[in-house]
Each structure stands twice: as structure tokens, then as C-alpha cells.
Trainee: 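Shown below is the structure under consideration.
Everything numeric in this text was worked out from a predicted model, so none of it was measured. Labels below follow one simple rule: chain letters A, B, ... track the order of the sequence lines, proteins then strands, and each chain is numbered from 1. No hydrogens, no waters, no symmetry mates; every other heavy atom, side chains included, goes into these values.
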Amino acid sequence: MAEAAPFAERLLAWWRVHGRHDLPWQHPRTPYRVWVSEIMLQQTQVATVIPYFERFMARFPDLLSLANTTIDDVLGAWQGLGYYARARNLQATAERCMTDHDGRLPDSAEALAALPGIGASTANAIISQAHDRPAVVVDGNVKRLLSRHAAIEGWPGRSAVMRELWAQAETRLPTAHGADYTQAVMDLGATVCSRRNPRCNECPVRHDCQARRQKRVGELPTPRPKRDIGQRRLYMLVHFDRRGRVLLERRPPAGIWGGLWCFPESESRQALAERFRLSEVQLKALPAVSHLLTHLKLEIIPLTADGQRPGDTGTQDLALGVECAEHLDWFAPLQWARLGIPKPVLDILESTRA
DNA sequence: AATGCGGGGTC
DNA sequence: GACCCAGCATT
């Protein structure tokens with residue numbers, strides 16, 4: 001009996017018939033477009049990314065336009081996509097390409113991985129797709145596909161498991177068709193070897209899938225261990241001036257919502273009142289907003305001075321000697337959408353308009 | 001080697 | 001509500 005075709009050949013044959021060939025970053029498949037798409041796709045699903053990618057390309061069609069714009073413009077284009085550090089890294093990388101790489105993205109995985117926001121897997125994903133060279137990519141799809149096909153146990157967040165996945169991926173790499181193979185493993189993971197209800201009977205590598213043989217497809221990959229998450233209460237001052245502009249503060253570059261504009265906030269209601277020369281009794285709470293992060297549950301209590309609303313006149317103007325520096329400023333409604341504002345803050349902002 | 005980052009999809 | 005997603009940077 002003839003030996004089965006190599007893993008990669010079966011995937012490529014499957015992909016030519018069943019794979020995705022119409023993703024926006026595939027046409028044209030330039031290094032710049034591939035790079036931007038890979039950054040957007042980090043921890044973010046394809047369907048979510050597509051409209052952002054189209055808008056981003058219309059606004060920043062090339063490396064130079066991205067390097068020459070402001071961070072606020074990039075954050076504005078990123079608003080709603082999450083993981084805003086990616087937007088800052090994107091622009092930092094564009095600038096580095098101008099200064100250190102002759103105005104282009106480097107064409108080696110090592111040089112790419114030295115740039116902000118690009119790790120080993122993303123570097124290889126860019127190389128394989130932009131230059132059609134085979135390179136190991138281990139993303140969520142590949143982790144799932146390989147942990148099943150080779151029956152690899154353990155949560156991929158553990159380094160030993162990740163090493164094994166990387167080694168498996170390496171041995172399966174073809175010697176040609178690098179771009180199509182990368183797309184093929186991702187497509188197979190996304191559409192056939194899906195997390196729930198995998199369609200094993202349509203899989204081109206089902207005949208030597210170890211998880212399937214052991215009837216353990218449903219148990220692999222091993223899920224992330226559960227853990228308790230903490231809870232934190234946060235007060236935010238929602239205040240408008242007579243012209244309907246809202247007071248926002250730019251957050252420090254590191255940490256949650258780094259570099260984004262938020263209401264002035266504090267964990268202490270009293271500290272917030274003191275900072276803006278308000279008495280605590282003046283502060284009226286709006287309905288709380290709950291925001292869930294991986295490791296933390298935030299309860300955000302929006303506070304307004306005397307129930308003030310935009311357009312209100314005659315209320316005290318919070319003169320409070322707010323010295324609007326670069327990190328503290330007033331913004332008109334038309335400016336909001338171009339700023340980069342975290343989702344819960346935007347929700348509060350919009351609820352005050354309604 | 002483990003943890004923080006964040007919004008959305010999906011069941 | 002639980003769990004995951006085209007991971008990386010930081011500690």
C-alpha cells in the first residue's frame with residue numbers, strides 16, 4: 001500500500017479547492033498590506049478585521065503615509081479593534097522602517113521580529129506570505145490543528161507545550177508554496193478543524209489524526225486553566241464645558257488603554273473631587289458600567305457635577321483651574337471619533353448624549 | 001516561565 | 001456567562 005502524501009501536500013491540495021482566496025490582504029499581497037493585516041489579526045478574528053483593514057488601507061495606503069501621520073490618527077483608525085498597543089507599535093515600526101530600513105519592511109524574519117509588535121510567529125507569517133517562502137507560523141489555528149493531529153496535551157500557554165507545537169510545525173513545512181501553505185493551515189484550522197463542531201469528515205489529514213484515532217478531538221487543545229479574577233471600582237469624571245466639549249485625559253503609554261483618551265479617573269471618589277475642586281456632594285453618579293478584562297472586572301462609576309449635561313448652560317464651569325496641558329484637554333463631539341477612546345468610555349460618552 | 005493586555009464572536 | 005481568537009511585551 002502506498003504511503004500517504006506528506007501533510008503539506010494534502011493541505012495544499014485541499015486549500016486549492018476549499019481554502020479562502022478572497023481575503024482583502026491577498027490582493028495585492030504586498031509586504032505592507034500583509035504586515036498590517038497580521039498585526040490586526042493578532043488575537044482578533046478575521047471577520048472583525050476585514051472592515052478595519054479596508055478603512056485603514058484607504059487612509060494609510062503605504063508605509064510612508066503611516067510613518068508621517070500622528071499617533072492620534074492611527075488610534076482613531078484603530079478605535080474599536082482593541083489591543084491599542086498594536087496601533088502604537090504599527091506606527092513605531094513604520095518610522096523605524098524609514099530610518100533604519102531604507103523605507104521598506106525588512107525581508108528577513110529576524111529583522112522583522114526585532115521591530116515593535118512583531119514576534120517570531122508574525123515575522124514568519126509576513127515572510128511566508130509576502131515573499132512566498134516557507135516559514136513556521138504558530139497561531140491559534142495552527143495550535144488547534146497540530147495539538148489535535150499530533151495529540152499534544154497541555155495548554156499552549158505553557159512554554160513546553162508551545163515548544164512542542166513549534167517543533168511539529170517545523171517538521172511539516174513544505175519546501176515550496178510557502179504563502180499558500182501558511183494560508184492553508186490557517187484556513188483548515190478556521191473552517192474545518194474549528195474549536196467546536198470540527199468537520200473531521202471533510203479534513204484532508206483525518207486519516208492520520210491522532211486525536212481522532214483516540215476519539216479525543218473534543219478534548220484538544222487543552223483549555224486554559226480557570227482562575228479567579230479580581231474586581232476593581234473606578235470613578236470617572238464626566239464633564240462638559242458650556243460649548244459642549246468634554247474633558248478628557250490622555251493615559252500613560254503603558255498599561256491598560258495606554259495612550260488613549262479617557263475621562264479623568266481615580267479609585268477614590270474623594271481624590272477625584274479634590275483634584276477638580278469639587279465637593280463630593282456635587283458629584284452625582286450615572287449608571288455604572290461593567291467592563292470585563294481577562295484578569296479583572298472593572299466597575300466604572302461615571303460621576304457628573306450636578307447632573308450636568310452637554311449643552312447645559314449656567315452650571316458652574318468647573319473652572320477649577322483645569323490647566324489643559326497635552327494630557328488634559330477639551331474635545332468637541334466631532335473630535336471624539338478621531339481620538340482613540342476605549343469602548344466603555346465611548347459608551348458612557350454616548351449615553352450622556354441620548 | 002507566567003502574566004497583562006481588550007474587544008468581539010459564538011454557543 | 002464561559003471560552004476563545006492570524007500573539008507580543010514585560011516581568
Trainee: How about NE2 on A/H291, more than 12 heavy atoms from neighbouring residues, nucleotides or ligands closer than 6.0 Å, or not?
Mentor: yes
Trainee: Counting heavy atoms from C-beta on, name the nucleotide in B/dG6, B/dA2, C/dG7 closest to the side chain of A/Q42.
Mentor: C/dG7
Trainee: I need the CH2-P distance between A/W155 and B/dT3, as an integer number of Å.
Mentor: 7 Å
Trainee: Please classify the nucleic acid contact of A/L115 as base, sugar-phosphate, or nothing, using heavy-atom distances under 4.0 Å.
Mentor: sugar-phosphate
Trainee: Pick the closest DNA chain B nucleotide for A/L81 and for A/S159 by heavy atoms, then say which residue is nearer the 5' end.
Mentor: A/S159
Trainee: Looking for any heavy atom pair under 4.0 Å, which part of the strands does A/W25 touch: base, sugar-phosphate only, or nothing?
Mentor: base
Trainee: Does a side-chain N-to-carboxylate-O contact under 4.0 Å join A/R59 and A/D73?
Mentor: yes
Trainee: Under 3.5 Å, which protein N or O atoms sit close to an N or O of nucleotides 8-11 of chain B? Give each pair with its distance.
Mentor:
{"unit_1": "B/dG9", "atom_1": "O4'", "unit_2": "A/Q45", "atom_2": "OE1", "d": "3.2"}

Trainee: Once you round it to whole Å, what is the distance between P of B/dG7 and CG of A/L75?
Mentor: 13 Å
Trainee: Let me spell it out: for each of A/S121 and A/T222, pick the nucleotide of DNA chain C with the closest heavy atom. Which residue's pick is nearer the 5' end?
Mentor: A/T222
Trainee: Roughly, in whole Å, what's the span from CZ in A/R163 to C1' in B/dA1?
Mentor: 9 Å
Trainee: Round to a whole Å and report the spacing from OH of A/Y83 to C1' of C/dA9.
Mentor: 11 Å
Trainee: Would you mind telling me which residue lines up with the more 5' stretch of DNA chain B, A/I256 or A/G157, judged by nearest nucleotide?
Mentor: A/G157
Trainee: Rounded to the nearest Å, what distance is computed from the CE atom of residue A/M162 to the P atom of nucleotide B/dT3?
Mentor: 17 Å
Trainee: Quick check on contacts: within residues 178-186 of chain A, what sits under 4.0 Å from DNA chain C by heavy-atom distance?
Mentor: A/Q183, A/M186
Trainee: Starting at the 5' end of DNA chain C, which residue's closest nucleotide do you reach first, A/L292 or A/N89?
Mentor: A/L292
Trainee: Determine the Euclidean distance between corresponding P atoms of C/dC8 and B/dG8; express it in Å to zero decimal places.
Mentor: 22 Å
Trainee: Taking the inter-plane angle between the rings of A/W78 and A/F56 on a 0 to 90° scale, is it parallel (under 30°), tilted (30 to 60°) or perpendicular (over 60°)?
Mentor: perpendicular
Trainee: C/dC8 P sits how many Å from A/R88 CZ, rounded?
Mentor: 16 Å
Trainee: Using a strict heavy-atom distance below 4.0 Å, which residues from residues 137-150 of chain A are in contact with DNA chain B?
Mentor: none
Trainee: What's the closest nucleotide to the A/H291 side chain, out of C/dC4, C/dA6, B/dG7?
Mentor: B/dG7
Trainee: So does A/Y235 get a backbone contact from the side chain of A/S266, meaning a donor-acceptor N/O pair under 3.5 Å?
Mentor: no
